[in-house]
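The model shown is predicted, which means the values in this text are computed figures rather than measured ones.
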Amino acid sequence: MIQKLFPLDKNYILRQAQTAMEEKSLDLMVYELKKSYTALYNPLMLMDNTFNQIIDAYEYPTDRLTVIYHQLCGVYRYKYGDNQLELLFDGRSHFDKFQEDWFKQLTLWLRELGQHEQFVKTMLRMTILFDTESRAEWSENQCKAFINQYFDLKIFKRKGELRLKIA
């Protein structure tokens with residue numbers, strides 16, 4: 001597996017904490033997506049075919065959702081990934097603290113992003129309402145572009161991303 005990094009990404013403990021939280025975080029992403037859809041498009045919770053399909057979906061492709069999760073992880077490491085460890089006096093390890101901080105921030109971001117129709121629609125198209133691979137790929141690209149715009153990030157291909165090979 002190859003992970004993409006930005007050149008100054010040195011916070012290895014934070015990256016490990018995010019990787020350990022991946023499965024739980026993917027479930028959170030879908031849960032928040034369902035809540036956002038309900039708030040934006042069906043606040044009265046009227047049962048129709050689409051709403052039933054979204055609420056009752058427990059099996060969906062997660063490969064594209066994982067890509068979005070890794071992008072949000074990279075944004076967090078870029079914005080909050082200071083590699084200077086602080087002194088902890090509560091007996092927790094830095095790994096545990098990073099997991100807790102990351103999960104809180106991810107939840108906050110998902111709720112903020114869930115207020116935007118473009119984010120909700122593209123996430124639904126590539127997960128719960130998945131129909132074709134090409135449409136899911138288009139939705140993934142749209143979602144990544146929206147996240148970059150939302151967080152005011154620009155990725156310059158000529159400077160590139162580092163690739164870290166993981167055995």
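- Put simply, the side chain of V75 reaches to within 4.5 Å of the side chain of K79, judged on heavy atoms.
- In this structure, D96 and E100 have side chains that are not in contact, with every pair of non-hydrogen atoms separated by 4.5 Å or more.
- The OG1 atom of T127 sits 13.5 Å away from the CD atom of E59 when rounded to the nearest 0.5 Å.
- For the atom pair K144 NZ and T122 OG1, the distance stands at 12.0 Å (nearest 0.5 Å).
- Crowding of E23 atom CD: a count of heavy atoms from other residues, nucleotides or ligands under 6.0 Å not exceeding 12.
- Between the CD1 atom of I54 and the NZ atom of K34 there is a distance of 9.0 Å, given to the nearest 0.5 Å.
- In this structure the side chain of E137 never reaches within 4.5 angstrom of the side chain of T132, judged on heavy atoms.
- In this structure, Y150 OH and C143 SG are separated by 12.5 Å, a value rounded to the nearest 0.5 Å.
- Residues W102 and Y80 keep their aromatic ring centres 6.0 Å or farther apart.
- Tested against M126 for a side-chain contact (heavy atoms from CB on, under 4.5 Å), the candidates N141, I68, T62 yield a single pass: I68.
- For the pair F98 and Q16, the minimum side-chain heavy-atom distance is 4.5 Å or more.
- A heavy-atom distance below 4.5 Å is found between the side chains of L14 and Y76.
- Judged by distance alone, the side chains of Q18 and Y69 never bring a donor and an acceptor atom under 3.5 Å apart.
- For Y31, the OH atom counts as loosely surrounded, since its 6.0 Å shell holds 12 or fewer non-hydrogen atoms of other residues, nucleotides or ligands.
- Within the structure, ring pair (Phe, Tyr, Trp, His ring centres under 6.0 Å) pairs that include any residue of residues 127-148 comprise H116-F146 (at least two apart or interchain).
- Residue Q149 places its CD atom among 12 or fewer non-hydrogen atoms of other residues, nucleotides or ligands, all under 6.0 Å distant.
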Next item on the list: For side-chain contact (heavy atoms from CB on, under 4.5 Å), just list the numbers for T38 and F51, CA-CA rounded to whole Å, side-chain angles, deciding distance to a tenth of an Å, and then say yes or no.
Entry: CA-CA 8 Å; T38 304; F51 187 64; 3.4 Å; yes
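- For the side-chain contact (heavy atoms from CB on, under 4.5 Å) with E32, the lone residue among L113, V120, L110, L106 that qualifies is L110.
- Within 6.0 Å of the CG atom in N49, the count of heavy atoms belonging to other residues, nucleotides or ligands does not exceed 12.
- Residue L26 is grouped with residue Y60 when hydrophobic side chains (ILVMFWY) are merged at heavy-atom distances under 4.5 angstrom, including chains of intermediate members.
- Residue H94 comes nearest to I13 through the heavy atom pair C-CG2, 4.3 Å, listed as atom of the first residue, atom of the second, then distance.
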Next item on the list: Output, in order, the C-alpha distance, side-chain angles, deciding distance and verdict of side-chain contact (heavy atoms from CB on, under 4.5 Å) for Y37 and T50.
Entry: CA-CA 11 Å; Y37 173 81; T50 306; 3.6 Å; yes
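- There is a path of hydrophobic side-chain contacts, each under 4.5 Å, that joins M45 to L33.
- Both the sub-6.0 Å distance and the 45° axial angle are satisfied by K24 relative to the ring of F103.
- The neighbour count for D90 CG, taken as heavy atoms of other residues, nucleotides or ligands under 6.0 Å away, is above 12.
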Margin query: Pair T66, H70 - check side-chain contact (heavy atoms from CB on, under 4.5 Å), show working.
Written below: CA-CA 6 Å; T66 304; H70 287 288; 3.3 Å; yes
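- Residues W109 and L72 approach most closely at CZ3-O, 3.6 Å, considering heavy atoms.
- For the atom pair CE (M47) and CG (N52), the distance works out to 5.5 Å, reported to the nearest 0.5 Å.
- Just one of R125, R135, R64 meets the salt bridge (charged side-chain N to carboxylate O under 4.0 Å, His left out) condition when paired with E140; it is R64.
- Atoms CE and SG, from M21 and C73 in turn, are 10.0 Å apart once rounded to the nearest 0.5 Å.
- The shortest side-chain heavy-atom distance between L40 and Q115 does not fall under the 4.5 Å cut-off.
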Next item on the list: Could you walk me through whether K121 and Q142 pass the side-chain contact (heavy atoms from CB on, under 4.5 Å) test, one step at a time?
Entry: CA-CA 10 Å; K121 286 180 181 179; Q142 291 294 317; over 6 Å; no
